[in-house]
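Below: one structure, written as structure tokens.
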Amino acid sequence: MKHYLKKLEDTVRAQWNQKALCDYGGDAFTYADLATSIETFRLFMADAGITKRNKIAICARNSARWAMAFWDINVNGCVAVPLLADFHPNSVAALTRHSDSVMLFTDEDIWQKLSPEQMPELKAVINVKDNRLLWHRDERVARAWGNRGRVFKKRHPKGLKVEQVSYSTNNWDKLAIINYTSGTTGNPKGVMLTYGALSDTDEFSNTHFPNKPGETIVSMLPMAHMYGLAIEFIHPNVDGVTVYFLGKTPSPTTLLKAMQEVKPYMVVTVPLVMEKVYANSIKPALEKMKWMNKVPHANKLLYAIVRKKILSAFGGRVRCFIMGGAALKPEVEQCVQDIRLPFTVGYGMTEACPLLGWEWWTDFVPGSCGKPVHEIRIDSDDPQNVAGEIQARGKNITVGYYKNPEANAVAFTDDGWFRTGDLGTIDENGNIFIRGRIKSMILNSSGQNIYPEELEAVLSGCPYVAESLVVDREGKIVALVYADIPDDLDAESRKGIPELIRTAANKSLPAYSKINKVELVDVPFEKTPKMSIKRFLYK
């Protein structure tokens, strides 16, 4: 296995003048610029007394400069602490403090909402956008930051030369990242991931969805989330792929415009985006041409036309769409399978850096989440038919949670397998099927296990249902539904929507898991950045 920083070194040397990191419609940096930034930061560290293994936090919106800051930290042996820009200011301060971060790269508007007193280890704060020093409490660090450009010119009066680029790889078991989860079940935990884990993920990615120097990708997912960081950024960038950052959640129009111009080789996204593409493009196209269904054997032609249209809308070079974070609505998944869109699901979590399951789209089994990346076992006497906890083992798995002995004590089995907390089965061909979360599973009075996620999949196909969440209330199954109701629907019909949804869903459910009540909610459910509903907020 090749260290990902060795691959970055080789790429920097070979692709010196090629674009490495770009803001869509904005700044662009070559691999030479990146190498210069990394070297400048190394010299700054020496002057400032910042040492390897020091923690440095990044809390900012996606941008090319965010990525530059990450490489500065990561290549030079410090521990990167990516924090979601959407975290509440109190959470940003608490996690910066908990991680023992000595520096913070952030956006100016985020910094204005923070209080230095809440982060006693912090020595300096840098504006990601323009590298300005926003605040400091350590004069040595501030002075070194201000002098870093002059120090670089003194050391490299004619600029950094290609042959001077060399990145340390003697750190396989060293901590590279502390990534705080934004999970569905409660407070964030600091997941510790090593350089070896990142290298393992890159190695798997190269084997199963390889790329080529000069190709392009659009980064949409938050960089503070492992899916975005590892699969949309690190894996492509170390191989010479130019990464374009959108910076903020785009509208469908902006997204497709960017895709048309950038022409990515791969699209990594969450189901919500694909569901919008389905609702806005695929479904209308199929309905316009449904007359073709009356012509014998015309389905294949119809699907081919729609498939070509969708691929063209994404720039025409996409070899695979990778979904992650949650399940696609069954209607959408069936449709993309029918039209042979190159779509697959990557099953993962932060603790797996991030992949646990994967399969190339041509062999992907609908309803599954691929085959094991490394070792997967189901804690069940009958793993093919009776759901049990999905447990994992491999070089990509976390070494534990930072300063959290309580979480570490329950994270692994006695024989060293990581407990995912997910319930699933695995078929005879090794395909993994997720049935739900252990914490959300409902045990009814007759001893039957009920998985809310399975009921929610049924609800997603019912009239008016945009989003749903199933909860247990004193032994009664209640479905909370955010509905998509037409404006012109009369008041009497609106009153009947909950019962209409309940009746429609129960037709497809076994007796022991039928829904007792449907309640409409006024606003969409609160979600994590990977668009999973924060279940712990709802009762």
Side-chain angles (χ1 to χ4, degrees), residues 220-221 227 249-253 255-256 259 266-290 293 299-300 302-314 318-348 357-370 431-436 451-470 479 481-484 501 504-505 508 524-525 527-528 530-533:
M220 292 183 286
L221 300 178
Y227 228 116
T249 304
S251 66
T253 302
L255 173 61
L256 291 178
M259 294 292 177
M266 179 174 73
V267 173
V268 185
T269 187
V270 293
L272 184 63
V273 172
M274 185 54 70
E275 286 163 5
K276 286 183 177 179
V277 170
Y278 169 77
N280 296 333
S281 300
I282 300 177
K283 192 173 183 179
L286 288 172
E287 287 178 350
K288 280 183 182 178
M289 294 183 284
K290 63 183 178 182
N293 290 326
N299 267 0
K300 286 186 178 179
L302 170 60
Y303 292 151
I305 293 170
V306 175
R307 180 177 185 271
K308 185 176 180 181
K309 177 181 178 182
I310 297 302
L311 291 176
S312 176
F314 279 86
V318 178
R319 297 197 291 277
C320 190
F321 293 86
I322 304 177
M323 302 291 131
L328 266 180
K329 289 183 177 181
E331 175 190 0
V332 181
E333 183 173 20
Q334 185 59 55
C335 181
V336 296
Q337 289 286 329
D338 288 343
I339 66 176
R340 297 280 295 164
L341 201 67
F343 137 87
T344 192
V345 171
Y347 164 46
W358 159 268
E359 182 58 275
W360 186 246
W361 72 273
T362 52
D363 299 312
F364 176 70
V365 175
S368 78
C369 53
N431 296 295
I432 306 164
F433 295 84
I434 296 177
R435 304 305 180 191
Y451 307 112
E453 292 85 354
E454 293 185 349
L455 275 63
E456 289 154 13
V458 171
L459 284 161
S460 71
C462 295
Y464 305 114
V465 176
E467 298 176 358
S468 66
L469 183 73
V470 170
V481 171
Y482 176 65
D484 182 9
I501 294 172
S508 303
F525 296 105
K527 301 177 187 70
T528 70
K530 63 178 184 177
M531 303 312 293
S532 299
I533 295 171

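Numbers here simply count residues along the sequence, with the first being 1.
Within the 4.5 Å cutoff, the side chain of W358 has heavy atoms near those of the T344 side chain. Using a 4.5 Å heavy-atom cutoff, the side chains of W361 and R319 are not in contact. Side chains of I322 and M266 form a contact here, defined as non-hydrogen atoms less than 4.5 Å apart. You'll find the side chain of M323 reaches within 4.5 Å of the side chain of T269, heavy atoms only. When side chains are defined from C-beta on, F343 does not count as touching M274, because their heavy atoms never get closer than 4.5 Å. Counting only heavy atoms from C-beta outward, the side chains of I501 and S468 never approach each other to under 4.5 Å. Side chains of F364 and N431 form no contact here, defined as non-hydrogen atoms less than 4.5 Å apart. Proximity of M220 to V268: side-chain heavy atoms (C-beta onward) are nowhere separated by under 4.5 Å.
Each of L255, V318, V277 was evaluated against V267; a single residue qualifies, V318, per the side-chain contact (heavy atoms from CB on, under 4.5 Å) test.
In terms of heavy atoms, F433 sits closest to P366 at CE2-O, 4.2 Å. Between L459 and A505, the closest heavy-atom pair is CD2-CB, 3.8 Å. Here the shortest heavy-atom pairing between V458 and S508 reads CG1-CB, 4.0 Å. For the pair D338 and Y303, the tightest heavy-atom approach, listed with the atom from each and the gap, is O-CD1, 3.2 Å.
By the side chain to side chain contact (heavy atoms under 4.5 Å, CB included) test, K309 is found to be paired with A285, residues two or more places apart in sequence or in another chain being considered. Partners of S460 according to the side chain to side chain contact (heavy atoms under 4.5 Å, CB included) rule, which considers only residues two or more places apart in sequence or in another chain, are K329, P330.
With rounding to the nearest 0.5 Å, the separation of CD1 in I310 from CZ in R307 is 11.0 Å.
Under the 3.5 Å distance criterion, the side-chain polar atoms of E454 are left unmatched by any main-chain donor or acceptor of G436. Remark: side-chain polar atoms of Y227 are paired, donor with acceptor, to backbone N or O of G346 under 3.5 angstrom.
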Side chain to side chain contact (heavy atoms under 4.5 Å, CB included) evaluation trace for L341 with L311: CA-CA 8 Å; L341 201 67; L311 291 176; 4.2 Å; yes
